[in-house]
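Okay, structure first, notes after.
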Amino acid sequence: MKSVFGNKKSIAVFVLPAFIVYAIFCLFPIGYNIYMSFFDTNLMEKSTFVGLNNYIQLAKDATFIKSLKNNILMVIGSLIAHMPLAMFFANAIFKKIKGAAFFQTVFFLPSVICGVAVGLTWTFIYNGNYGLLNAFLGAIGLENLQQVWLSNKNLALFCIIIVVMWQFVGYHMIIQLAAMRNIDSSYYEAASIDGATGWQQFVNITLPMIKPILKIDAVLIITGSLKYFDLIAVMTGGGPNHATEVMSTYMYYQGFNILKYGYSSAIGVVLLLLCAGSVVLSNKVFKTDDTQM
Amino acid sequence: MKKKRALALLLTTVMGLGLLTGCGGSGSSSESADSKDAEEGKTLSMMCIGTTADAYMEGYQSIIDSFNENNEFGVTVDAEFVSNSDYKTKLTTLMASDSEPDIIFTWELGYLQTFVDGGKIVDLTPYLEEDTAWKDSFNDGMLDQLTYDGKVYGIPTQECVGTMYYNKAIFEENGVAVPTTYEEYRQVCDTLVANGVTPVALASTPDDAWLVSQYIQQLANGIGGYEYFESLKDGTGKWNDDTMVQAAKLFQEEVEAGYYEDGFTGVSGTEAEALFQSGQTAMYYNGSWETSNLDNSEYCEVSEDVSCFTMPAVDAENAYISMGSVDSSYAVSTNCKNVDAAVGLLKYWTNAENASMLLYDYGRMPSTKVELDQSKLSSLCIDVIARFEEQKSLTPWFDRVDTNIGNEFNNCGVSISNGEDPQGIYDGLQEYAQSQS
C-alpha cells in the first residue's frame with residue numbers, strides 16, 4: 001500500500017477523474033465568465049471588448065447596489081440564525097434535553113426539502129387573500145397588520161430572510177452538533193468536578209473546541225447567502241420592482257431576461273470575489289491554534 | 001476516533017454538496033433526442049406559448065396534427081407549449097446556447113429585432129414574394145411590425161386589441177350601462193362599489209407586472225394620444241412626462257376607490273382572470289387573446305354574459321387609441337434544416353380554413369382577411385371584432401417595443417399599484433432609459 005500511495009504518478013491517476021470533472025464544470029466556466037465580463041455581448045451578435053466598462057456601469061447601477069445591500073442583509077440575517085441560534089439548539093440537544101432526538105430531526109427536516117417547494121409553501125403562507133399568516137393575525141385580532149406580504153417593498157425581503165433562517169437553522173445545527181459530540185467527555189467530567197457551571201463549560205470547553213468547525217460553517221453561511229437564488233426566484237422573482245433582488249437573481253435577470261450576458265458575467269465576478277473574500281475574512285475572525293484539536 | 005471519522009465524512013459531504021450547488025450558474029441545454037431526424041430535416045421542433053388554462057392550445061395542436069398527417073414535405077412538427085411567464089427566459093437561454101427550436105413563437109418589434117440582429121432568424125421575404133396570394137392575405141400593416149430593414153422576419157397569425165371585458169348580467173343587475181367616457185366609466189365603477197360588487201379583476205404580482213402596466217399605458221393613451229406613444233417609441237418623449245404620471249395617479253385613485261379586488265397586489269394573472277370567469281367581478285381588462293378563455297363555458301362559468309367595450313379615453317379627443325398589435329407571430333430560426341417545410345406550416349396555419357377554425361372555435365382574431373360567416377361567430381367574437389373596427393390607432397405594448405426598458409416599465413407598474421409616488425418611480429425609469437441608450 002505504502003508504495004502505491006508513495007508514488008506521485010499513482011496519486012495523480014486517482015485524482016485525475018475528479019479533477020477533470022471539476023475543471024470542466026467549475027474552473028473553466030469561472031475562467032470563461034471572467035473573460036466574458038470584459039465584453040458587451042448577447043452571445044449572438046459580435047461581441048465588443050469594453051474593458052472594465054461593465055464594472056464601471058455596475059458601480060453606477062442603482063439596482064445592483066440595491067441587490068448588494070439586500071445580499072448583505074441576507075448575510076447578517078443568516079449569520080444571526082445560523083450561528084448563535086443554531087448553536088443554542090445544538091447545545092440544547094447536545095445536553096440531551098427531553099426529546100433531543102425528536103427535535104434534532106424536526107429542526108433538520110426543512111433543509112432537506114427542495115428550495116422551490118419551500119418557496120411555494122411560504123408563498124401560500126404569505127398570500128394576502130388566503131395566507132396562513134394573515135389568517136393568524138386575523139384570529140388574534142391584529143387585522144390592521146394584515147397585508148400582501150410579498151408585494152410590500154419594505155417587508156418582502158425580510159419575509160424571505162425569515163424563510164432562509166427557518167430553512168437552514170437545522171442544517172447548521174447538525175454541523176455544530178457533530179462538532180460538539182466529537183469533544184472528549186473527560187473535559188466535561190473534569191470541569192464538573194472543579195464545579196464549573198453549564199455556562200462556564202460552554203464558554204471554556206465547547207466553544208473553543210468547535211471553533212475550527214465554526215470557521216468552516218461561517219464560510220458556508222456567508223457564501224451560501226451571497227449566492228442565494230432559488231427561494232427568491234420562486235417567491236418574488238426579485239420583485240416588486242427589484243425590491244428583493246439579490247446579486248444572483250439580478251445576474252439572471254440581466255443575462256436571461258434582457259440578454260446582457262457580458263454585464264451579467266461582471267455581476268458573477270463580483271459575486272465570486274465577495275465569496276472568496278468571505279473565506280479570507282472568516283479565516284481571520286476564527287483564527288485558531290491548530291494544536292488544540 | 002470513530003466520531004472523528006464520522007465528522008470528517010459529514011463535512012466532506014456538506015462541502016461536496018456546496019460544490020455541486022455552487023456551480024449551478026452556467027447551465028446549458030442540449031437537445032440530443034431526434035437529432036438524427038432533425039439533421040435530415042424530417043422533424044421540425046416548434047415552441048409556442050400556452051398552458052392547459054388556455055382553451056386555444058387544443059386548436060393549435062389540431063392544426064399541427066393535421067399538418068403532420070398530410071404535408072408535401074414529409075415532415076413531422078413537434079410542438080412544445082411553454083407558459084407566457086417562462087417563455088422569454090427559455091427562448092433566450094436556448095438562443096444563447098445556439099439550440100433554439102426551428103419554429104419559434106415571437107413578439108414583434110424590439111423583441112424579435114434582437115434575434116434578427118444576431119443573425120438567428122430566417123428572412124421570409126422571398127417566400128412571401130414567391131407566393132403573393134399568401135402575402136396579400138394578411139390585413140394591411142400586419143407584416144410591418146415584423147419587418148426590419150424592409151425584410152419580413154416573422155409571420156403574425158393573429159391580431160389583438162386591448163379591451164375591457166364586462167359581465168352583462170352584473171351590469172344589468174346594478175343598472176349600469178356601458179360607459180362611453182372616462183367619467184362615465186368612473187361612475188359605473190363607483191355604483192358597483194356602492195352595491196358591494198368588485199368592479200375590475202386585476203393582477204399585480206411581479207410575474208404579471210405587465211397587466212398593471214398595460215392598463216396604465218392605456219390610460220396614458222387617453223391622455224397623451226398616439227403622439228405620446230410615438231415619442232416614447234422613438235426616444236424623444238420622456239417616461240416621467242406629466243402624461244404618464246397623471247395616468248399612474250388616475251390608476252392609484254381607482255385603487256383607492258376600491259375598483260380592484262382586495263389584495264390584488266398579491267393576485268396572479270390566472271387568479272385574476274378566474275375571478276372574472278366565475279362572475280366575482282364585473283370587468284376584466286386584457287388583450288383580445290383572452291376571448292378564447294372567456295367565450296368557452298368549460299373555462300368560464302359566465303361565458304354567456306361576457307361582452308366587451310373599448311376603454312373610454314380620459315380625454316375624449318384621444319378616444320379609440322387602444323393597446324393592440326399583431327399577435328402570436330412565428331419566426332423560423334437559422335438552425336432550421338428545412339425552411340421550406342417550416343414556411344409550409346406557417347402558410348397552412350394562416351390559410352383561410354385554419355384561420356376561420358381558430359376564430360369560430362377559439363375566438364382567435366385572424367391576422368389574415370377571412371370571410372366572416374356571422375352565423376358561426378359567437379356573440380363575444382362579434383363584439384370583439386367590432387372593437388377592432390372602431391379603433392383609430394393601436395399602440396403595441398412597451399415590452400414588445402423594447403424588451404429592456406419595457407420590462408422596467410412593467411416593473412414600475414407593481415410599485416405604482418403598491419401606492420408609491422408615480423413621479424419618483426417614473427423619474428427613475430427615465431434615468432434608467434437614458435443610461436441604456
Side-chain angles (χ1 to χ4, degrees), chain A residues 22 25-26 29-30 32-33 42-45 57 60-63 126-129 131 134 146-153 171 174-175 178-179 181-182 213 216-217 219-220 223-224 227 229-230 236-244 248 251-253 255-261 268 271 275, chain B residues 3-4 6-8 10-11 14-15 18-26 85 88-93 95-98 114-115 117-120 204-207 209 261-267 271 403-408 410-418 420 425 428 431-432 435-436:
Chain A
Y22 180 71
F25 292 106
C26 245
I30 289 175
Y32 185 59
N33 185 72
N42 61 12
L43 297 182
M44 292 184 294
E45 290 162 77
Q57 288 297 319
K60 292 188 213 153
D61 183 343
T63 313
Y126 285 131
N127 187 290
N129 293 318
N134 276 352
Q146 283 179 345
Q147 53 192 303
V148 187
W149 295 92
L150 294 175
S151 296
N152 183 323
K153 67 158 185 166
Y171 178 78
I174 290 287
I175 292 177
R181 291 207 169 129
N182 203 35
I213 303 300
I216 297 166
D217 203 23
V219 172
L220 286 175
T223 52
K227 61 187 193 203
F229 181 81
D230 51 0
T236 63
N241 200 4
H242 299 304
T244 58
S248 58
M251 177 171 77
Y252 183 82
Y253 178 83
F256 297 108
N257 278 21
I258 54 182
L259 291 165
K260 288 161 82 177
Y261 286 102
L271 195 53
C275 286
Chain B
K3 275 185 182 167
K4 221 171 208 171
L7 175 71
L10 181 87
L11 286 175
V14 163
M15 286 198 287
L19 202 76
L20 283 177
T21 49
C23 299
S26 52
S85 52
K88 285 182 187 174
T89 42
K90 174 137 191 178
L91 183 65
T92 47
T93 315
M95 282 280 185
S97 55
D98 205 26
T114 321
F115 303 126
D117 291 347
K120 302 293 258 180
S204 176
T205 50
D207 268 352
E261 74 273 14
D262 278 344
F264 76 95
T265 52
V267 172
E271 285 171 332
T403 315
N404 180 2
I405 297 168
N407 256 333
E408 285 307 311
N410 288 349
N411 282 334
C412 288
V414 180
S415 294
I416 304 287
S417 52
N418 280 305
E420 283 178 57
I425 294 296
E431 216 171 282
Y432 180 77
S435 76
Q436 298 299 305

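Predicted, not measured: the structure shown is a model, and the values here were computed from it. Labels below follow one simple rule: chain letters A, B, ... track the order of the sequence lines, proteins then strands, and each chain is numbered from 1.
Contact annotation: the side chain of Asn418(B) never approaches that of Asn152(A) to less than 4.5 Å [non-hydrogen atoms, C-beta and beyond].
Shown here are the side-chain contact (heavy atoms from CB on, under 4.5 Å) partners of Asn129(A), two or more places apart in sequence or in another chain: Asn127(A), Val267(B). Under the ring pair (Phe, Tyr, Trp, His ring centres under 6.0 Å) criterion, Tyr252(A) pairs with Phe229(A), Phe256(A), not counting sequence neighbours.
Heavy-atom distances place the side chain of Leu259(A), and not its backbone, under 4.5 Å from chain B. In this structure, chain B has no heavy atom under 4.5 Å from any part of Lys60(A). For Phe264(B), no part sits under 4.5 Å from any heavy atom of chain A, backbone or side chain. Residue Tyr126(A) does not touch chain B at all, counting heavy-atom pairs closer than 4.5 Å. With a 4.5 Å cut-off on non-hydrogen atoms, Ser417(B) does not touch chain A at all. For a residue to count as touching a neighbouring chain, one of its non-hydrogen atoms must lie under 4.5 Å from one of that chain's; by this rule Glu420(B) touches chain A with the side chain only.
Here Glu408(B) is the residue among Glu261(B), Glu408(B), Glu271(B), Lys88(B) with the most heavy-atom pairs under 4.5 Å with chain A. Comparing Asp98(B), Asn407(B), Leu91(B), Thr403(B) by how many heavy-atom pairs each has under 4.5 Å with chain A, the most go to Asn407(B).
Note that NE2 of His242(A) is 4.5 Å distant from CG of Asn411(B), once rounded to the nearest 0.5 Å. Rounded to the nearest 0.5 angstrom, Thr265(B) OG1 and Trp149(A) CH2 are separated by 12.5 Å. Distance check: Thr63(A) OG1 to Asn241(A) CG gives 8.0 Å after rounding to the nearest 0.5 Å.
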